[in-house]
Amino acid sequence: MGGSILLPLMADSIMTTPTDSASPIRVRIAPSPTGDPHVGTAYIGLLNFIYARQGGGKFVLRIEDTDRTRFVPTSEQMIFDSLRWLGLAWDEGPDVGGPYGPYRQSERTEIYREYVQKLLDSGHAYRSFETAEELEAMRKSQIAAKLPPRYNGAHRELSAEQIAAFEAEGRPAVIRLKVPVEGETTFRDELRGDVTFSHNNVDDQVLLKSDGFPTYHLANVVDDHLMRITDVIRAEEWISSTPKHVLLYKAFGWEIPRFWHMPLLRNLDKSKISKRKNPVSLIYYRESGFLPQALLNFLGLMGGGMVQPTEQEIVSKGLNVKEGDIFSLPEMLEKFDFKRISLGGPVFDLTKLKWLNGEYLRALPPGDFFTALRATIFSDDYLSRIAPLVQTRIETLAQFGDMTDFFFKDDVMPPPEVFVPKKRTLEETVAFAADQLEVLEKTDFTTETLEPALKQLGVDKEWAVKDNFMLLRAILTGKTASPPLLESMIVFGKARSLDRVRRFLDTQKRLANQKK
RNA sequence: GGCGUUAUGGUGUAACUGGUUAACACGCCGCCCUCUCAAGGCGGAGAGUCCGGGUUCGAGCCCCGGUAACGCUACCA
């Protein structure tokens with residue numbers, strides 16, 4: 001990593017060139033605890049981890065929990081567990097501490113308030129009193145008029161009296177960034193070169209919400225600075241908001257970090273990877289029996305970056321050719337080259353991941369393979385939770401297999417004669433399954449919550465409990481007879497259950513399209 | 001719609017500073033091995049590098065112009 005060796009100390013140098021070469025590399029990942037830990041987090045996490053280790057620096061984990069409407073309490077722990085499972089250990093974070101804590105943004109609200117006040121004082125930010133509804137209406141009319149939907153700046157220059165009047169009304173305010181009307185902002189993306197945005201196209205971003213929590217943009221910049229982050233390695237979707245961040249750094253008079261925007265993982269149809277079209281939960285991968293080293297290896301393949309072995313190496317080391325695609329985390333630390341990353345969004349192709357996982361499985365010493373089975377799919381914990389569900393339903397122990405096969409399968413796909421109730425059409429049934437998915441997504445998997453949620457849906461959509469539950473049973477187990485549905489789902493787990501319903505819907509949709 | 005980014009077989013990547021019939025892996029097809037299925041071995045189909053111009057003896061690599069896909073366009077991250 002080059003650095004700015006040639007630049008003499010220029011206190012107010014143009015801007016870019018971050019961190020003098022003396023400052024140690026510090027990177028971070030900043031997941032939001034809004035649900036299951038995401039495979040994209042693992043991807044960016046891996047890249048940051050490699051970068052930190054290669055540069056002899058620190059890898060920080062920061063929890064961005066500023067959106068309390070999407071906050072999921074169990075999520076944070078799942079993030080910790082999943083990243084540890086992958087072997088991506090962080091040097092500083094909410095659970096391990098560190099010199100620049102706290103590492104949870106909800107615990108830093110005072111800090112943000114303090115810094116936003118500085119912005120207010122220096123005229124780089126202003127209070128804005130519109131309600132969410134007013135803003136929504138504004139946006140709609142702009143779109144109707146074929147204008148780009150942006151904040152119209154109505155409150156940019158409010159007088160002290162006007163502000164006082166709004167406050168007297170008890171109107172809540174947000175604080176917005178005062179983006180210059182003229183000019184443009186250019187920043188350097190380490191992989192792409194200079195990227196320029198005209199200020200016309202940079203909105204007056206809300207920095208502090210009316211609930212007193214910061215938005216990503218403010219919190220991110222403040223924290224990255226305070227936590228001495230030298231390199232921001234994040235997904236490509238952030239490129240368009242980077243000018244806002246740069247403007248903030250400048251407003252504060254802070255040094256700007258290096259930006260590395262990584263290509264976005266994609267579905268098979270090239271859209272940004274989504275749960276509808278791909279399993280994205282790390283919990284899913286773990287519970288489905290993927291090995292962490294295989295997942296890491298696969299993620300390392302996404303976007304390139306690994307130096308391929310040369311012809312000579314293949315010959316002299318007697319490598320099997322396909323070993324060009326197989327490498328461990330230590331090998332990535334040694335050979336991964338950020339400058340070689342290719343920018344086209346890679347399709348996250350489960351087929352190749354499965355092949356890779358198979359390679360790793362086959363390479364395991366038999367003892368380790370057995371241990372892996374016993375630690376996951378045949379763990380005492382899992383089996384002991386399944387056993388009570390079947391004890392009263394079988395006559396010989398061997399029937400355990402028939403009764404519980406769906407717990408151990410990669411996927412099941414029932415035919416229509418199994419999942420469509422007598423009085424319903426295929427279309428109706430699939431539509432209802434989509435409703436079920438929606439309910440399941442926002443319901444905790446416990447007996448107390450699952451049953452009423454599903455039954456309520458049945459009432460709303462006029463589906464008999466029997467048909468309602470049978471459909472789900474068919475989707476999840478592939479059969480019409482199974483251990484109790486709800487308990488089975490809880491044991492099977494939310495991640496895998498949801499994925500099974502999504503795959504089901506996906507398949508039905510494809511089939512329906514084929515018919516047309 | 002606006003702005004930005006990207007563009008090599010179905011998928012992931014390769015091709016030193018422009019230089020031979022565009023390479024490797026996954027997937028697919030076939031053959032061999034084999035009690036089956038995998039694994040393994042061997043072979044094959046599949047891109048002329050988004051399109052159109054230009055520079056050059058020569059372009060996937062350079063230049064210009066398009067197109068498409070994706071991302072952003074929230075008091076979400």
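Below, all heavy atoms of this structure are taken into account, side chains as well, without hydrogens, waters or symmetry copies. In what follows, chains carry the letters A, B, and so on, assigned in the order in which the sequence lines appear, proteins first and then strands, with residues in each chain numbered from 1. Predicted, not measured: the structure shown is a model, and the values here were computed from it.
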Select base, sugar-phosphate, or nothing to describe what A:Glu136 touches, counting heavy atoms under 4.0 Å on all strands.
-> nothing
Which part of the nucleic acid, if any, lies within reach of A:Leu135 when heavy atoms closer than 4.0 Å are counted: base, sugar-phosphate only, or nothing?
->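 The residue A:Leu135 makes base contact.
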Assign a letter to each nucleotide of nucleotides 28-33 of chain B from its 5' end: B, base within under 4.0 Å of a protein heavy atom; S, sugar-phosphate only; -, no contact.
-> ------
Go along nucleotides 5-16 of chain B 5' to 3' and tag each nucleotide: B for a protein heavy atom under 4.0 Å from its base, S when only backbone or sugar atoms are that close, - otherwise.
-> SS----SBSSS-
Treating a pair as Watson-Crick (purine N1 to pyrimidine N3 plus N6-O4 or O6-N4) or G-U wobble (N1-O2 and O6-N3) with both distances under 3.5 Å, list the stems of 3 or more consecutive pairs that involve RNA chain B.
-> B:1-7 with B:67-73, B:10-13 with B:23-26, B:28-32 with B:40-44, B:50-54 with B:62-66
To the nearest Å, give me how far apart [atom1] ([X]) and [atom2] ([N]) are.
| X | N | atom1 | atom2 | value |
| --- | --- | --- | --- | --- |
| A:Phe197 | B:rG71 | CZ | C1' | 10 Å |
| A:Leu218 | B:rA77 | CG | P | 11 Å |
| A:Tyr151 | B:rC75 | OH | P | 11 Å |

Provide the distance between the two P atoms, one in B:rA14 and one in B:rC62, to the nearest whole Å.
->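 Rounded to whole Å, the distance is 15 Å.
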Pairwise P distance, B:rA15 and B:rG9 [rounded to whole Å] =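 Approximately 16 Å lies between the P atom of B:rG9 and that of B:rA15.
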Closest to side chain of A:Trp355, choosing from B:rG27, B:rC72, B:rG1 | B:rG27
Given the rule in the side chain to side chain contact (heavy atoms under 4.5 Å, CB included) test, do A:Gln105 and A:Phe213 qualify, once you have shown the distances and angles that lead to the verdict?
-> CA-CA 9 Å; A:Gln105 291 186 328; A:Phe213 278 82; over 6 Å; no
Mind checking what makes side-chain contact (heavy atoms from CB on, under 4.5 Å) contact with A:Leu264, not counting sequence neighbours?
-> A:Ala235, A:Glu236, A:Glu237, A:Arg266, A:Lys272
Positive for salt bridge (Lys or Arg N to Asp or Glu O under 4.0 Å) with A:Arg258, one of A:Asp189, A:Asp231, A:Asp224 =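 In the set A:Asp189, A:Asp231, A:Asp224, the residue that makes a salt bridge (Lys or Arg N to Asp or Glu O under 4.0 Å) with A:Arg258 is A:Asp231.
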Looking only at heavy atoms, the pair that brings A:Gly300 and A:Leu46 closest together is N-CD2, 3.8 Å
Pairwise ring pair (Phe, Tyr, Trp, His ring centres under 6.0 Å) hits with a residue in residues 119-143 of chain A, at least two apart =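 Sorted pair list: A:Phe129-A:Phe166.
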Is the base of B:rG52 syn or anti, where syn means the angle lies within 90° of 0?
-> anti
Selection: residues 199-210 of chain A, any non-hydrogen atom under 4.0 Å of RNA chain B =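 By residue number: A:Asn201, A:Val206, A:Lys209, A:Ser210.
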Charged N-O contact under 4.0 Å between A:Asp36 and A:Lys275 =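 Salt bridge: no.
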